[in-house]
Each structure stands twice: as C-alpha cells, then as structure tokens.
Amino acid sequence: MENLAKAYNPHDTEGKIYKYWEDNNFFRADAKSKKEPFSIVIPPPNVTGVLHMGHALDGTLQDILIRYKRMKGFEVLWLPGTDHAGIATQNVVEKELRKEGKTRYDLGREKFLEITRDWANNHRSRILEQFKRLGASFDLTRERFTLDEGCSKAVKKVFVTLYNEGLIYKGAYIVNWCPRCRSAISDIETEYLSERGHLWELAYPFRDEFGAIVIATTRPETMFGDVAVAVNPRDPRYSHLIGKTVVLPMIGRDIPIIADEAVEMDFGTGALKITPAHDPNDYEIGKKHGFSPVWVMDEEGKMSDNAYVPEELRGLDRYVAREKILEQLKLQGELVRAIPHEHNVGHCQRCNDTIEPYLSEQWFVRMKPLAKRPVEAINREELNFIPPRWAKIYLDWMHNVRDWCISRQLWWGHRIPAYYCDECNEMMVCMEQPAECRKCGSSSITRDTDVLDTWFSSALWPFSTMGWPDKQSGDLEKFYPTSVLVTGFDIIFFWVARMVVMGYKFTDKSPFEYVYIHGLIRDEKGRKMSKSSGNTIDPLEIIDKYGTDALRFTLANLVTYGGQDIRLSDERFEFGRNFANKIWNASRFVLMNLEGTDDRPVDTEALTVADRWVLHKYSIVAGELDKNFGSFRFSEAAQLLYDFFWGVYCDWYVEIAKIQLQNPQTKLNTQRVLKFLLEGQLKMLHPVMPHITEEIWLLNNKNTITFEPFPVYEPLLVNEPAERRMNKAIDTIKALRNIRQSFNIPVSSLIKARIYCDDGEDREDFELTAQYIKELAKAGRISLESGLPERIPARSATVMIGSALVAVPLEGLIDLDKEIERQNKKIEGLEKEMKSLRARVNSPKFLENAPKDVILKTKERINEIEQQSQAIEDLLKSLVEG
RNA sequence: GGGCGUUUAGCUCAGUUGGUAGAGCGCUUCGCUUACACCGAAGAUGCCGGGAGUUCGAGUCUCUCAACGCCCACCA
C-alpha cells in the first residue's frame, strides 16, 4: 500500500475502472430479475451535440440515483440513446455542404439522407462515449436512437392510430414559418424577442373619390397580399367609409373597406390591412368575411413570382423588398409617417431567423382531448414534479394547450406515413406503403414528403425504447413506467408534457412517477452558457483537469432542491478535486496501517469512547443519506458525505486512531474500526464518486463495489453518552488549542491543563477522554480536580466547558492584558445572549405557550451562562489582583 | 397583461415541519506533528432587501413595497 501515489491521479483510475465495469457487464439490466425495478431513460442528447455542462449535470444526477438504487438492491435499468434532432442535424449537415458550395437540393433527397445518416451514426457514438467519461452506468446493450427501426415503428403506429381516431388532421392554417429552414415550426419553437422597428402608416387612396384611408403596419412588404382594409364598426372616424373601395398602391388592385369588431380602435390608425396568407389574425378575419388568401411571399421569405407582386420586386428578399417599397411609397406620397415602434418578433429557436406567419398545408395533433388525463395525473399523484412548483407550469400549459403542428418541410426525420394516389388524389394513412389506391386501384402512389417534428418521436421515447408496441423483450412489463425523469425546466413543454400525453394515450400510464427538474447551468456572471458567447465550460476539459469524480461531486453539491440555476466557474471544481484527494489520502493512511490486522468484524465489546462515538455518527449519517438520496436532495447528501468524511473521520477519528494504534490493547480493534468505516464510506460515496471509491475498494476486495449493500442506519450503533463525552473532549481540545494560539505558545512547549469538575458524570466523561485531550492538544499533563476551586489559579488562562473549568497555568508566559481582553470579550458575548434569554423567561406568555422542552432548555442555558459568567468574573478578579 | 423565481458573511450559495444562522472560496495568524500544502491548527466577518402583521418566539408563515432575473400571452 505504500506504493500508492501521494496525490490522487484520476487519470490513472477512471479509464481503467470504467473498462472493468464494462467488461463485466455490471450495468446490464435483467428483465427477468425478481428484484424490484428502478428505471430511467436518458433524455436523449442530440446526435450532433457534444457533451456540455447541462448533460454533465443531468447525467451525474441520473447516475447517482441509478447507482444508489443498484446498491439498494433494485434491478436497475438506465437506458441510453440519442435523438436524431431533425432541424439541428439537418442544419449542421447543410452548413457543411455550403462550405462546398452545395445545397441539399443539389444532392437530392436520397443522397442527402445518406450523408446525414452517416453523419449521425458517427456522432451517435461520440456523445455516448463522452457520457461514459462521466462514469455513466447505463446499459449499452439497450442503446436506442429515435430514428432506429423500433422507434420508427412506434412513430408510425402512433401516427396512424391518432389519425384514425381523428386526433391528427391535415389542413391549411397559418403556421410559424422559418424561411431559412424552409419549414413550419411549432408555437413553442418560436421565440419572441423585443425588437425596435417601425409602425409604418400607409395611405391607401379611395378608388372613387379624392382622399385615402391610412393604415398602420409593421410589415409593409405584405401589402400586396391585402384583401381588404378593416375598421371597427363603432369607430366614428371610419364608419362612413365601410363598403367603399380603396386601391392598393404600386399595383393598383381594388380592395374593399370592411367592418370587424376585432379591430382595435386605439391602436395605430384604427384601420387594419387584412393579409390572410401572412398573418394569423388577418387569416381569421379574412376567413370570416369570405376572402381568398393571396400569397405574396414564398417559403424562402422572398417576394413571390406572381402577378400580385410588382415585377421589379419579384424574387427579392423580404427586407430588401421592404426598403424598396417604402422608398417608392415615399416618392408617391403614400408613406404618411414612420413611427418608431418596439414590438415582439418571432424567431426560429434553431436558427434565429425571423419567423413569418405563413398559410400552408400542415399536419396537426389535437391536443386538448389528449390533455385530460395528464392534467388529472397531478392530483392523483401518478405524476409528481420535484420541486412541486413546476406542476403548476405544466398544468397551465396543459389547460391552454393548442394544436401541435407536427409536420416539417425537412428531409431528415420520420417521414409522415400518408400516401397519395397520383391518379385520384386519395389520401391513405397507414403503416406500410399501400400497393394500390384503395379508391381507384391505381398503383401509382406517392408518399407525403413532410417529416415529423423531432419532438414527436421524443414524446414516445419512454416506451418506444422498451419495445412498444411489441412486448417480446419483457422490458415494457419490467421497466415501464420508468421511475423518474431527470431534466431541466427548459424542456417541460417541448418534451415532458408531450411524453405524458403520449404515455397516457398509448400505455394508459404516466411514463414516469417523478419528474426531477434541476436548474440550468450558467456562467459565473449568471449568463446562459452558449457557444456563441464563448462562455462555455467544457465538462471534458474539467474532467481532464480535475477528474470525473471531482466534477460529479461538485455538481451534486451545487444542485439545490429548489432547482436554482447554477453559476459555474472553472475554479469551483477544485472543491471536488480536493475532496477526492482527501479521500485518497485518508484511504492511503488507513491501508498503510492495516498491517497485521485480520478480517474479523469490529469487536463491539472492546470499543473505546472514540470508537463508539464515530460509529454512532456514522450510523446517523447513513440514515440521513438514505433519506436524502431517496428524496432527490443531492446537495444535502453530498454535504453530509463531505462533512462526515472530512470533518469527523479525518479531522478527529483518524487523529485519535493514531493514538489508539500505538496502544497494543486498542490497536487491532482500531484497525477494524478504521477499515469498517472506510469501506462503509466508500459505499456511501460510490453513487457520487464511483471511480475513486471502486479503485480503493478493489485494493482490499475481490469483487466490485457496484452491488455492495448501501449502508443503513443501525440503531445498535447509536450511543448518546459517547457523543456527549466526545463533544466535551473536542470542545476542550479546541479551547486548549485556542489558548495556545492566543498566547503564542510554541508546539514544542507542552502545556498543563487542570480540569475542575464535578465528581459525578463530568469526572467520568473526562477520565475517559483525557488521553485524547492530552495528545491532541499537545498537553504535557491533564489533571482532574474535584469541584470548582474557591480561588481560580493565578496566572492561568481558563475556559468553561459546560460546568467544568479548564485552567492552563502559564507561569511567566501569560500576557495579563491579553487574557483580560479575551475574557471580557467572552463575557460580552454571554451577556448579549443572556439578555434575550432573560426576556423570554420573564414573559409569562412564553412560559404559558412554549413547549416544555424549549422552556427547560432555555433555563438550563441560563444557568450555564450564569455559572460561566461568575467563573470568568472570579477569574478576572484574581487576574487583576495577581 | 398573467405567472414564477431570486434578494442571507467580501464572492458563490445552503438553510426539509417556526426555537435565535452555516459551507466552499477569499482574508488574518501560526504550523512540514507516523495520510494529505489539492494539507493541518486558531481566528475575523451577517439589523438573513425595506416595511407591516401572525406568534411566547420569524431567515423560515401572511401581506406589502423595491430591485434583479425567467416563463407564458400578445397589439396590426
């Protein structure tokens, strides 16, 4: 054991240990096991992605739960996989193509998909390899991909079923259109940003008389698609104009002035241009009044090449066209004015391009009828959010849910299983391509060219990955529904809510019992981490620099139950690194001192006070840990582990063990206790810091720590007297060290300490711990005196430990003024505390209402303070008198 | 417009049923004592955002105000 490195080097450990786990298939789940199941499916990272801090946090927390439950004896499944990430992946591949000066249209659909598939396959393993570096104990034999055969089958099955039940429909509606992606996107993929623009007031001249009506618009380029001008019928400024005809500037097309209640009189000019093909509200108004929409912009955001658009503008980008139009209108005197106007503009979440509302044929899922059971799930506690406040956000969304636009005009994704007869246009929605048209019998059939929103397949993830709709594997029965979903709040609507919807619809159950929502990772200034702002912290770099376990421990410690965002900086990981090193070195110490020991258990008859004390504390920590891991309180668990290992085991027990190891009578049992506690703590730490604990564990054990039973609260180890005794001893040691430091007494000079105490319990307590005090406070001699002295020994530094007085005679060494100052300060503190205690006790209401134990405790404390104050005052007197 | 979160030591943040505040880092002073300087020892630092209320007692519960942040809706 002497050959262990002086400092923990994670790189010597991590790769080796992970391989050991992998080679032995420790993480493979058995669907036939009799053990109670515990399962998590990973939120599938995008194939194109690289591991970022969000993944690291998410993955760490899942792995902690998984490893903890594995040690608790559950049959555990953590199912890994990746998401094909429709738009994101397609964008990346298109970007690559652009470097070669090509577009996807140059390649054609088949060729483009082939390239994208290769790309995805390459990256698919990369991200999972990165998760492995996190120590993720997932079952790689069950790895899934949202576009693999099984998932695709599930997608088709769900689509066809929903269609047949009328829950999926196709139709022309205004959708959010991203001109850059050339696709529709859903409402929640549209991000509204406040932008400074203009409200342009344009004059549309009357056809049959002099004058004009002035409308207000933020998008003048859509004017050629106008079908009417609408005013509020109650608006006195305009009511006389209703029914008249105006002429669209530049193209001279006639449109009527109509009346509609929806027009707000006090916005803009009170006159609204109606452009049904390019605005959601206008679409509604247009429909109501029976107008046919006029398209003037194409799917790339360019002005259409049709008769409605002036020739010189056709094919121009929408913003270029806007400038030209304004220029022209200004010349013609039809641009009345431009008012600076701040308004919200939709942007594509994926590519940030400005969204155009666009009337087009799309597929939708009717969400309202599907939302009923997901709403009830909260009340029935079939679905529980942690922290619970997220349930409200989820419910609000469910209550106001709108139809979900699921079709995307992309190539990369699940192609919609709808088929059209080329002859008669009959539409057939079915699992496989039909051989012939069911209506006219033609064999010329074409599949719908749209693909599905990525989140459609993600919504099925918890059960599509378990084999649904097939049941052969047994995974569905054993591991579905899953136990918990761990994710960030940013995808509650995108993913969590839709999984619940689909879960209830197709499996009759919530796909998970708990949703644990953690905060988002931010940079040290609280900004969102993003590649574009260059403020990301790469978890792999952190792993290289500090080690995986350091990363995991730090993150676990930083995450809060309330789900607060986490501000990270590089240096924060030193915390975990230092702790790992501490574990390493304490282990090294213990292992070095195990020579000559045996494999027998701790002899509980022969325990010293310190042994009993540390075992007592250990048992309590084990119990607390169980509670914390069981209730997703990761940081409390991490803090507990840290405090016990460092603050109790290392700082006190190991130091005391050094004493006990010197004594042949206590040596053997001390070794056993050291080892028992070290191994127990390795187990406790293992879910959070798997590599280092396994490495150390294997130095002394044949089998992996992976399946070791997690330590539990052990009532037999609880020992209150030992705790009381050690608390006194520790207080005394600290007091003596304080005196030593205050008076600059060098370590080389041994101090003497006299402890004046009662002959009863106090004396017994101190007798049992006197040796620890002597050694750890570097005292030459400890003497126990009976009762408090009548006169405090002169030229002594003193301190009260409970009702006992500890005095250190410091002939010649003591600085009188310094000691007086020290004691005065002490009295000051006591007096302050006393004041508030007295006020309480003197109030009859307190005595009436407060619980008895609180009253008792308060009175005891008052007595204690009185005693101490008295002693200190006596001391001061004797100091002054010399 | 609606909703949520945050405000505690110089910094970053804990604080689970109300009992008189903690950690890490940083800072000060010592120290290479049979693991560890990625260390050990001793210390300093807080009207727990402001105000009001409930209570014997409030960082913790209620109301209110303020600042910052986020989400949803949305006005052409």
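- The side chain of A/Lys658 sits closest to B/rU34 out of B/rG15, B/rU34, B/rC56.
- Of the listed nucleotides (B/rC4, B/rC74, B/rA35), B/rC4 has the atom at the smallest distance from the side chain of A/Lys392.
- For A/Asn344 and B/rC74, a side-chain-to-base donor-acceptor distance below 3.5 Å is present, hydrogens and geometry of angles not being considered.
- Residue contacts shown for A/Glu264 include a base, since a base heavy atom lies under 4.0 Å away.
- Looking at A/Lys6, its side chain has no donor and acceptor atom pair within 3.5 Å of the base of B/rA37.
- In this structure, the nucleotide among B/rA76, B/rA35, B/rC38 sitting nearest to the side chain of A/Asn581 is B/rC38.
- Picking from B/rC36, B/rG19, B/rC30 the nucleotide with the shortest atom distance to the side chain of A/Gln741 gives B/rC30.
- The nearest whole Å value for the distance from the CD atom in A/Glu636 to the C1' atom in B/rG22 is 13 Å.
- For the pair A/Arg740 CZ and B/rU29 P, the interatomic distance rounds to 20 Å; values are reported in whole Å.
- Contact annotation for A/Pro746: no contact, since no heavy-atom pair falls under 4.0 Å across all strands.
- Using Watson-Crick or G-U wobble geometry with both donor-acceptor distances under 3.5 Å, B/rC38 finds no partner in any strand shown.
- Base pairing of B/rA66: its partner is B/rU7, meeting the Watson-Crick or G-U wobble criterion (both donor-acceptor distances under 3.5 Å).
- Rounded to a whole angstrom, the distance from the P atom of B/rU8 to that of B/rA44 is 23 Å.
- Straight-line distance from the CG atom of A/Leu568 to the C1' atom of B/rU12: 10 Å, rounded to whole Å.
- Using bins of under 30°, 30° to 60° and over 60° for the plane-to-plane angle, the ring pair A/Phe575/A/Phe553 lands in the tilted bin.
- In this structure, A/Phe489 atom CZ and B/rC70 atom P are separated by 10 Å, rounded to whole Å.
- Residue order along RNA chain B, read from the 5' end via each residue's closest nucleotide, puts A/Arg567 first among A/Arg567 and A/Phe579.
- Looking at A/Glu201, its side chain has no donor and acceptor atom pair within 3.5 Å of the base of B/rA76.
- Counting heavy atoms from C-beta on, the side chains of A/Pro276 and A/Val227 come closer than 4.5 Å.
- Across all strands, A/Arg737 comes closer than 4.0 Å only to sugar-phosphate atoms, never to a base (heavy-atom distances).
- Nucleic acid contact class of A/Lys627 (heavy atoms, under 4.0 Å, all strands): none.
- Picking from B/rG40, B/rU34, B/rA76 the nucleotide with the shortest atom distance to the side chain of A/Lys582 gives B/rG40.
- At the heavy-atom level, A/Arg861 lies nowhere under 4.0 Å from the strands shown.
- A/Phe632 has its ring centre less than 6.0 Å from the ring centre of A/Tyr514.
- Pairing for B/rC74 is absent, with no Watson-Crick or G-U wobble pair whose two atom distances lie under 3.5 Å.
- Counting any heavy atom pair closer than 4.0 Å across all strands shown, A/Glu571 reaches no nucleic acid atom.
- Separation of the C1' atoms belonging to B/rU55 and B/rC11 is 36 Å when rounded to the nearest angstrom.
- Looking at A/Ile274 and A/Tyr283, their side chains never come closer than 4.5 Å, going by heavy atoms from C-beta outward.
- Nucleotides B/rU6 and B/rU62 are separated by 12 Å at their P atoms, to the nearest Å.
- Among the atoms of the strands shown, only primed sugar atoms or phosphate atoms (P, OP1, OP2) are found under 4.0 Å from some heavy atom of A/Phe575.
- The closest side-chain heavy-atom distance from A/Leu395 to A/Val375 is below 4.5 Å.
- Nucleotides B/rC38 and B/rG5, compared at atom C1', are 36 Å apart to the nearest Å.
- The side chain of A/Gln564 lies closest to B/rU6, out of B/rU6, B/rC36, B/rA35.
- When distances run from any side-chain atom of A/Arg588 to the nucleotides B/rC36, B/rC39, B/rC56, the shortest one goes to B/rC36.
- Nearest nucleotide to the A/Thr560 side chain, out of B/rA41, B/rA76, B/rA14: B/rA14.
- Partner assigned to B/rC61 is B/rG53, using Watson-Crick or G-U wobble distances below 3.5 angstrom.
- B/rG57 and B/rG53 have their C1' atoms separated by 15 Å, with the value rounded to a whole Å.
- Look at A/Trp390 and you won't find any side-chain N or O under 4.0 angstrom from OP1 or OP2 of B/rC70.
- The side chain of A/Asn738 has B/rG43 as its nearest neighbour among B/rC38, B/rG43, B/rA37.
- Not less than 6.0 angstrom separates the ring centroid of A/Phe385 from the ring centroid of A/Tyr516.
- In this structure, B/rC47 forms no base pair with any nucleotide, since neither Watson-Crick nor G-U wobble geometry is met with both distances under 3.5 Å.
- A/Tyr192 comes within contact range of at least one nucleobase, with a heavy-atom separation under 4.0 Å.
- Pairing partner, B/rG18: none, since no Watson-Crick or wobble contact has both distances short of 3.5 Å.
- At the heavy-atom level, A/Val590 lies nowhere under 4.0 Å from the strands shown.
- A/Trp646 comes within 4.0 angstrom of the backbone, heavy atoms only, and of no base.
- The phosphate of B/rA76 has OP1 or OP2 within less than 4.0 Å of a side-chain N or O from A/His341.
- A side-chain N or O of A/Thr275 and one of A/Lys273 form a donor-acceptor pair less than 3.5 Å apart.
- A/Ile733 has its CD1 atom 11 Å from the P atom of B/rA41, to the nearest Å.
- For B/rU12, the base has no donor-acceptor partner in the side chain of A/Glu524 [N/O atoms by modelled type, under 3.5 angstrom].
- The interatomic distance linking A/Ile745 (CD1) with B/rG31 (P) rounds to 14 Å, in whole Å.
- For the residue pair A/His289 / A/Glu284, no side-chain donor-acceptor distance below 3.5 Å is found, with atom types taken as modelled.
- Residues A/Tyr772 and A/Gln660 have side chains that bring a donor and an acceptor to within less than 3.5 angstrom of each other.
- Atom name C1', nucleotides B/rU7 and B/rG59: the rounded distance is 12 Å, in whole Å.
- In this model, a side-chain donor or acceptor of A/Arg840 finds a partner on the base of B/rU20 within 3.5 Å.
- Dashed line: the shortest gap from a side-chain N or O of A/Asn400 to OP1 or OP2 of B/rC72 is not under 4.0 Å.
- Evaluation of atom-type donor-acceptor distances gives no pair under 3.5 Å for the side chain of A/Arg389 against the base of B/rC4.
- Considering only side-chain atoms of A/Ala586, the nucleotide from B/rA35, B/rC56, B/rA42 that sits closest is B/rA35.
- Between B/rA23 and B/rG46, the two P atoms lie 15 Å apart (nearest whole Å).
- Residue A/Asn849 places at least one side-chain N or O closer than 4.0 Å to OP1 or OP2 of B/rC56.
- Positionally, the nearest nucleotide of RNA chain B for A/Ser587 lies more toward the 5' end than for the other of A/Gly268 and A/Ser587.
- As judged by a 4.0 angstrom heavy-atom cut-off over every strand, A/Arg633 is placed among the base-contacting residues.
- Of the possible donor and acceptor atoms, none in the side chain of A/Trp397 sits under 3.5 Å from a partner among the backbone N and O of A/Ile492.
- For the P atoms, the distance linking B/rC63 with B/rG3 amounts to 13 Å, nearest Å.
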